[in-house]
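Down below is the structure, laid out as C-alpha cells.
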Amino acid sequence: MTDHVEVRSGAYYDSVSLMQVSQSVRGTAGVTDAMIGMGTDLNVGMIRDLGFDVPDTVSPNDLVVALRAADEGALADARTALDAALAALKAAARSASGTGEAAPARTMAVAAHHADLALISVPGEHAFVEAMDAVESGLSVMLFSDNVSVDQEIALKDAAAHHDVLVMGPDCGTAVVSGVALGFANAVRPGAIGMVAASGTGAQQVMCLLEAAGVGVSHCLGVGGRDLSAAVGARSTRAALAALDADPQTTAIIVVSKPPAAEVLADLEEYVATLSTPVHWATLGPGRPDLTTAVESALTALGHEVPQWSRWLPEDGSVLDASPAEPASSTDPRFLRGIFVGGTLADEAMLIAAERLGPIRSNIPLSPDLALTPGDAPTHTVLDMGDDEMTRGRPHPMIDPTLRLSRIATEAADPTCGVLLLDLVLGYGSHPDPAGELADSIRAARTAAADSDPARTLPVVVALVGVEGDPQGLDRSARVLAAAGAEVYLSNAAATRRALDLLAAS
C-alpha cells in the first residue's frame, strides 16, 4: 500500500462538499481509503486513527488530503480525481455566485453586504460562534452543523428574534428558499405550499409526495429537529410561520415534525389560529396521522386530487398493487429490523410498527426505556444510522453508506431477522448512485440468508424518497432496487405497513 498526505494552506471548503469529494475519490480504482477535510482537531484525529502521519503544524484553515492506494499508479489517479473534484467545486461556486474570480468575503460582516442568508457547515464546536456572527451581521442562518448544545441553540434563536432574522437549525439538513435547494433537498417544482420543518427527511418525504400529486412548494424552512422540544419551545417555528404568512406566494402551510413536545404543539396550534394562511399538520406522534396521511388530508382540504402513491415490485420492476402476504405456520421467532438514514422516517416507522408489534427498540427510541443496550435479546429494532452519535466525524450515510451496508450484512446473518425495512433518500447532496450500492447489498443479504437456511427468503422493503428530477432519477433508482429483489414504495408509511404484512408471513 502507498500513503500520501498533503496539506494545502488557505484552501477552505465546507464540510459537506468535502465529504462528497472524499466519497468520490474513494471510488477511484485501487484506492482503499481517502479522507479530505479541513485541519480541525476532530478531522486530524480521525485521519491519524486511519494510520496516516499528519504534521503537527496543521491548522483548521488548512485542507488536509490523506490517500491510501494499492500502488503509485492508483495514487496518481486518486490525486487526479481529487483535483478534478475540487476544481468542480470552485467552478460551481463561481457560477452560482456570479462573482468570477473575485476574492471571497473573509468575515460575516463583509458577506452580509452581498447576501441575506448564511449557510454554515463547520464542526459543532465552532458552529455557534460563526452562526452568532452571522445573526449579528443581519443574516438569516441555515445551520447545517450538528453537535450544537441546546443552550447555544436557544441563544442563537433569541438573538435572531432580536435582529429580525431566522435561524434554521442547528442540524438543519434540508431547506428550499425561493426555489433554491439547500443541503439535502429534492428537485421539486415551485408552487404555493410553504413548509416549516423540524425534520430533514420528513420534509423531503412530504415534498416528494406533494410533487407526485403535482403540487409545488414556495419555500421549505427547516428549523432543526429540536425546535419543537420543550426546551427550545418552537422559537424558529413561530418565526418561520410568520415569514410564510407574510409571503404573498404562499397560500397554505404544512408543519412537519418528528414527535413534538405536547405542550409546545398545543401552544403552536393556538398561535397558528392567529395567522391568515391556513396551516396543516404533519407532526408525528402516538395517535397522530403518519406523514402520508397528513399530506393526503392537506391535498383534499386544498382541493387537489390524492394520487395512487407509486410502488415498484420485484417481479418486473413495474408499478403494481401489492396484497398482504398470507400468515405462515412457522413458530420460529422473526423480528422486524429497520435500518434508516432518516431519523424522522425511522420515527414514523416505529410509531406505525408499535401499533401492531408493541414497543420497538432503537438508538433513537420513542421513550427512554426502549433504548438499545448491549446484550439485548433479539427483538424488533429500528436504527437511525444518521443520528448525531453515528455521524460524529463521519459523513452522513446519505453521502457515505458504508456503515449502513455493514449493518445490513449483519442482519442478513441473523436468523431472527424476518424482514428488512430500509429507506433511501435521493436528491441534491446525496450519494450520486445510492440505489446501485444498496441494491448490491440487498442482493448479497438475500443470498446470504438463503445460503444459511434455504427456507429463509429475507423480504426487503424500501421507502424511496425522491422525485424524477433528482440527479439520481426516481424511477431508475426504484427499478435498480426492485431488480435486486426489494419491494419499493414512495410512501414510507406504506413501506412500513407492507413490511409488517410480510413479517406476519415469515
Side-chain angles (χ1 to χ4, degrees), residues 1-6 8 11 13-38 43 46-47 49-52 63-93 121 173 183-184 339 341 385-386 390-391 393-409 422-445 462 464 466 470-474 476-481 483-484 486:
M1 289 292 173
T2 302
D3 285 5
H4 172 78
V5 175
E6 179 182 349
R8 303 185 183 184
Y13 298 88
D14 71 87
S15 60
V16 176
S17 297
L18 292 179
M19 287 177 185
Q20 294 171 323
V21 169
S22 295
Q23 177 70 11
S24 175
V25 175
R26 202 175 293 125
T28 305
V31 174
T32 59
D33 221 327
M35 183 168 177
I36 298 94
M38 301 307 298
N43 285 341
M46 289 177 57
I47 294 172
D49 287 344
L50 293 173
F52 291 99
L63 178 69
V64 182
V65 175
L67 307 172
R68 179 170 291 138
D71 51 42
E72 291 290 345
L75 184 61
D77 290 343
R79 295 178 69 178
T80 299
L82 169 66
D83 290 339
L86 294 179
L89 286 180
K90 289 182 179 179
S121 176
F184 298 117
I339 311 175
V341 300
M385 304 302 292
M390 295 280 197
T391 60
R394 286 181 170 274
H396 193 280
M398 286 164 60
I399 298 172
D400 180 0
T402 303
L403 285 181
R404 183 166 71 153
L405 300 184
S406 175
R407 184 70 190 200
I408 290 171
L422 312 171
D423 64 346
L424 188 66
V425 184
L426 308 179
Y428 303 117
S430 292
H431 188 288
D433 182 25
E437 293 202 4
L438 185 58
D440 289 342
S441 181
I442 290 170
R443 196 175 287 108
V462 179
L464 181 61
D470 286 335
Q472 304 88 348
L474 175 65
R476 188 199 72 81
S477 297
R479 290 178 182 276
V480 166
L481 294 168

Taking every heavy atom of Pro434 against every heavy atom of Leu426, the minimum-distance pair comes out as CG-CD2, 3.8 Å

Does a side-chain heavy-atom distance below 4.5 Å link Val65 with Val5?
no

Sequence neighbours excluded, every pair satisfying salt bridge (Lys or Arg N to Asp or Glu O under 4.0 Å) that has a member inside residues 395-409:
Arg26-Asp400, Arg404-Asp423, Arg407-Glu411

Among Thr28, Leu67, Asp3, Thr80, which one satisfies side-chain contact (heavy atoms from CB on, under 4.5 Å) with Leu75?
Leu67

With sequence neighbours excluded, give me every side-chain hydrogen bond (donor to acceptor under 3.5 Å, both in side chains) pair touching residues 427-438.
Gln23-His431, His431-Glu437, Asp433-Arg476

Heavy atoms only: give me the nearest Leu481-Ala439 pair and the separation to one decimal.
CD2-N, 4.0 Å

Measure across Val25 and Ala81 and return the closest heavy-atom pair with its distance rounded to 0.1 Å.
CG2-C, 4.3 Å

Between His4 and Phe52, is the ring-ring contact (aromatic ring centres under 6.0 Å, His included) condition met? List the steps.
CA-CA 8 Å; His4 172 78; Phe52 291 99; 9.5 Å; no

Distance from Leu18 atom CG to Met35 atom CE, nearest 0.5 Å?
9.5 Å

Between Val31 and Ala74, what is the shortest heavy-atom contact and its length?
CG2-O, 4.1 Å

Ile442 versus Ala484, closest heavy-atom pair with distance
CG2-O, 3.8 Å

Can you give me the closest heavy-atom contact between Ala34 and Ser22, atom names plus distance?
O-CB, 3.9 Å

Arg443 atom CZ, neighbour heavy-atom count above 12 within 6.0 Å
yes

Quick one: does Asn43's side chain have a donor or acceptor within less than 3.5 Å of a partner on Met38's backbone?
yes

In Å, rounded to the nearest 0.5 Å, how long is the span from CD1 of Ile339 to CE of Met385?
7.5 Å

